[in-house]
A.B. asks: 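Please find one structure pasted underneath; my questions will follow.
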Amino acid sequence: AVGWVAAVLLIFVMSRFLLTSGMEAAVALLFAALAFGVAEVLLSEAGLFATVTMGVTAANQRRVTVRRISGFGDTLEVLIIGTLFILLGAMVEIDALLEWAWPAILISLILVLVVRPLTAALSLWRTQLSGRARAMIGWMDPRGIVAAATTAQFAETLELNGYDAGFMLPLVFGVIIACGVVYGLSAKPVASLLGVARPAPIAVGLVGDDPWLVPFANALAEAHVDVLFLSTGSDEPAGPDDETLADSVTTLSVRRGAAEVQRIVPTVGVGKVIVSAGSDVINTLVTNRIIELLGRRHVLRVPESEQTPIITGVPERWSC
C-alpha cells in the first residue's frame with residue numbers, strides 16, 4: 001500500500017508539470033526512499049517490497065512518461081551495485097572464505113548442474129523455444145548482489161537472535177565467486193557449441209542522400225559486405241550519372257521513423273554506420289537512436305563541409 005501511494009503521488013506531481021525534466025529522476029528517488037522508510041517503520045523488511053511496488057506501478061501507467069527515470073535508474077544501478085559489493089565484500093574475511101571453500105564449490109556445482117537446468121526445464125515447458133535455446137538458458141544463472149545483500153541482512157538478524165549464522169556470508173560469497181567463474185568463462189564457448197551465439201555484426205549502414213554514397217554502397221556490396229542504406233528522402237537515392245543502388249543493398253527511408261530504424265538495424269546486422277546527412281530534426285533523431293543501439297564509437301559522421309563532394313566515382317578516401 002505504501003509503495004502504491006508513493007507511485008500515485010509521483011505520477012500526480014509529474015502529470016501536473018510541477019517538476020522540471022531535470023528533477024524528475026531525483027524526485028522519483030526521493031519518493032522511493034520515503035516509501036522504503038515508511039514501510040520499514042510499519043513492518044520490518046517491508047521496504048524493499050514497497051519500493052518494488054512503487055516502481056512496477058509507475059512503469060505500467062500511461063499517464064506520464066518515466067523514460068528519464070529509467071535512464072537515471074540504469075546509472076544508479078551500476079553505482080549502487082558496485083558500492084554494495086565493496087561494502088558487503090569487506091565484511092567477509094579471507095580465512096572464513098577459505099574455510100567454507102569446499103562447501104561453496106559443492107553447492108555451486110549442485111546449482112549449476114542440477115537446480116538451474118531443472119528450473120529452466122520446468123519454466124520453459126511447452127514454450128516455442130528451441131531445445132538449444134532452452135539448454136543455453138538452463139546453463140546461465142549467475143548469482144550476484146541480491147543473494148549477497150539478502151544474506152548479509154538475514155545473517156545479522158539471526159546473529160542478534162542467538163543463532164550461529166557466521167558461516168552464511170562467506171559461504172554465499174564463495175558461491176557467487178564460483179558461479180561467476182563458471183558462467184563467465186563458459187558462456188561464450190557454450191553458446192558457440194549450442195549454435196545460439198549471435199554472429200558479430202559486420203554490415204555497414206549509410207545515412208544520407210549525398211551522391212557519393214551510392215557508388216560507395218555498391219562497391220561494398222560488390223565486396224560481399226551487407227549494406228543498409230538509410231535514405232533521408234522518400235525516394236531511392238541516385239548517384240553520379242544516375243547510378244542506382246545494387247539489388248543486394250537494403251534500403252529504408254528515415255522518414256518512416258526512429259522506431260522502424262531501431263527494428264531493422266539489428267536485423268541486417270549493422271556494425272558500423274556512416275552518417276552524411278544534414279542536421280534537421282528527423283536526421284538528428286534517427287542518428288541519436290542509432291548511437292543508442294550501436295554506441296557512439298561505431299557511428300561515424302562526415303563533416304558537413306565534405307558531405308556533397310563533386311565526384312565521378314567512389315572517393316579515394318574510401319578505397320581499400
A.B. asks: Please report the interatomic distance CD(Gln153) to OG(Ser44), rounded to the nearest 0.5 Å.
C.D. replies: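 It is 7.5 Å, given to the nearest 0.5 Å.
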A.B. asks: Check Gly89 against Phe173 and note the closest heavy-atom contact, atom names and distance.
C.D. replies: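 Shortest heavy-atom separation between Gly89 and Phe173 comes out as N-CZ, 3.6 Å.
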A.B. asks: To the nearest 0.5 Å, what is the distance between CD1 (Ile145) and OG1 (Thr150)?
C.D. replies: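 One gets 9.0 Å once the value is rounded to the nearest 0.5 Å.
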A.B. asks: Using side-chain heavy atoms (C-beta onward) and a distance below 4.5 Å, is Thr127 in contact with Arg134?
C.D. replies: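 Yes, their side chains come closer than 4.5 Å.
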A.B. asks: So, do Asp226 and Val204 sit near enough that their side-chain heavy atoms are less than 4.5 Å apart?
C.D. replies: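 No. Closest side-chain heavy atoms not under 4.5 Å.
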A.B. asks: Going by salt bridge (Lys or Arg N to Asp or Glu O under 4.0 Å), name the residues that satisfy it together with Arg289, two or more places apart in sequence or in a different chain.
C.D. replies: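 Scan of Arg289 (salt bridge (Lys or Arg N to Asp or Glu O under 4.0 Å), adjacent residues dropped) gives Glu292.
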A.B. asks: Do Val261 and Leu230 have side-chain heavy atoms sitting under 4.5 Å apart?
C.D. replies: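 Yes, their side chains come closer than 4.5 Å.
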A.B. asks: Pick out which of Leu97, Ile107, Val92, Thr151 makes a side chain to side chain contact (heavy atoms under 4.5 Å, CB included) with Leu171.
C.D. replies: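 It is Ile107; the other options fail the test.
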A.B. asks: So, taking the atom named CD in Glu24 and the one named CZ in Arg67, what distance separates them when rounded to the nearest 0.5 Å?
C.D. replies: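 Going from CD on Glu24 over to CZ on Arg67, the span is 11.5 Å.
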A.B. asks: When hydrophobic residues are tied together by side-chain contacts of less than 4.5 Å, even through go-betweens, does Val146 share a cluster with Leu84?
C.D. replies: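 In one cluster with Val146: Leu84, yes.
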A.B. asks: Working to the nearest 0.5 Å, report the span between CZ of Arg132 and CG of Leu129.
C.D. replies: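 Spacing of CZ (Arg132) from CG (Leu129) equals 14.0 Å.
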A.B. asks: Specify the closest pair of heavy atoms between Ala120 and Gly138, including all atoms of both residues, with the distance to one decimal.
C.D. replies: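 For Ala120 versus Gly138, the nearest heavy atoms are CB-CA, 3.5 Å.
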A.B. asks: Would you mind reporting whether His298 and Val273 have side-chain heavy atoms less than 4.5 Å apart?
C.D. replies: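 No, too far: nothing below the 4.5 Å cut-off.
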A.B. asks: So do Val207 and Phe229 actually touch side chain to side chain, heavy atoms under 4.5 Å?
C.D. replies: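 No, too far: nothing below the 4.5 Å cut-off.
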A.B. asks: Could you tell me the separation between the CG atom of Leu98 and the CD atom of Glu93, rounded to the nearest 0.5 Å?
C.D. replies: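 Reported value, rounded in 0.5 Å steps: 11.0 Å.
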A.B. asks: Is there a side-chain contact between Met14 and Arg63 (heavy atoms, below 4.5 Å)?
C.D. replies: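 They are not in side-chain contact.
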A.B. asks: Mind running side chain to side chain contact (heavy atoms under 4.5 Å, CB included) on Asn218 and Leu245 for me, showing each step along the way?
C.D. replies: CA-CA 6 Å; Asn218 291 337; Leu245 288 169; 4.1 Å; yes
A.B. asks: If hydrophobic clusters are built from ILVMFWY residues whose side chains come within less than 4.5 Å, do Ile291 and Val270 share one?
C.D. replies: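 Yes: a chain of side-chain contacts under 4.5 Å links Ile291 to Val270.
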A.B. asks: Within a 6.0 Å radius of atom CZ on Phe85, are there more than 12 heavy atoms belonging to other residues, nucleotides or ligands?
C.D. replies: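 Atom CZ in Phe85 is packed in, count exceeds 12.
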A.B. asks: I'd like to know whether CD of Glu260 has more than 12 heavy-atom contacts from other residues, nucleotides or ligands below 6.0 angstrom.
C.D. replies: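 Atom CD in Glu260 is packed in, count exceeds 12.
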A.B. asks: Which word best sums up how the rings of Phe167 and Trp100 line up, parallel for under 30°, tilted for 30 to 60°, or perpendicular for over 60°?
C.D. replies: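 The rings of Phe167 and Trp100 sit tilted, inter-plane angle from 30° to 60°.
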A.B. asks: Using a 6.0 Å cut-off, check whether atom CD1 of Ile94 has over 12 heavy atoms from anything other than its own residue.
C.D. replies: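 Atom CD1 in Ile94 is not crowded, with 12 or fewer foreign heavy atoms closer than 6.0 Å.
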A.B. asks: Do the side chains of Thr51 and Leu48 get nearer than 4.5 Å, heavy atoms only?
C.D. replies: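 Leu48 reaches Thr51 side chain to side chain.
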A.B. asks: State, yes or no, whether a side-chain contact exists between Leu111 and Asp141 at a heavy-atom distance under 4.5 Å.
C.D. replies: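 Of all side-chain heavy-atom pairs linking Asp141 with Leu111, none is under 4.5 Å.
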A.B. asks: Output, in order, the C-alpha distance, side-chain angles, deciding distance and verdict of side chain to side chain contact (heavy atoms under 4.5 Å, CB included) for Val190 and Tyr183.
C.D. replies: CA-CA 9 Å; Val190 170; Tyr183 291 130; over 6 Å; no
A.B. asks: Applying a strict under-4.5 Å side-chain criterion to I, L, V, M, F, W and Y, I'd like to know whether Val5 and Val38 cluster together.
C.D. replies: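 Different clusters.
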A.B. asks: Any chain of hydrophobic side-chain contacts (each under 4.5 Å) joining Ile176 to Val115?
C.D. replies: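 Cluster IDs for Ile176 and Val115 differ.
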A.B. asks: Do Phe72 and Val66 sit in the same hydrophobic cluster, where Ile, Leu, Val, Met, Phe, Trp and Tyr count as joined when their side-chain heavy atoms come under 4.5 Å apart?
C.D. replies: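 Not linked; separate clusters.
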A.B. asks: Atom CG of residue position Leu76 - does it have more than 12 heavy atoms of other residues, nucleotides or ligands inside 6.0 Å?
C.D. replies: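 Enclosed: over 12 neighbouring heavy atoms sit under 6.0 Å from CG of Leu76.
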A.B. asks: How far apart are the closest heavy atoms of Ala246 and Ala221, and which atoms are they?
C.D. replies: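 Looks like CB-CB, 4.4 Å.
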A.B. asks: One pair to check against side chain to side chain contact (heavy atoms under 4.5 Å, CB included): Val227 and Leu206. What are the steps and the verdict?
C.D. replies: CA-CA 8 Å; Val227 180; Leu206 303 176; 4.1 Å; yes
A.B. asks: Tell me, please, which residues at least two apart from Glu159 pass side chain to side chain donor-acceptor pair (under 3.5 Å).
C.D. replies: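 With sequence neighbours excluded, Glu159 shows a side chain to side chain donor-acceptor pair (under 3.5 Å) to no residue whatsoever.
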A.B. asks: Using 0.5 Å steps for rounding, measure from the CG atom of Leu213 to the CD1 atom of Ile274.
C.D. replies: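 So the gap between those two atoms works out to 8.0 Å.
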A.B. asks: Under the criterion side chain to side chain contact (heavy atoms under 4.5 Å, CB included), I'd like the reasoning laid out for Phe31 against Met54: C-alpha separation, chi angles, the key distance, then a yes or no.
C.D. replies: CA-CA 9 Å; Phe31 274 96; Met54 173 186 165; 3.4 Å; yes
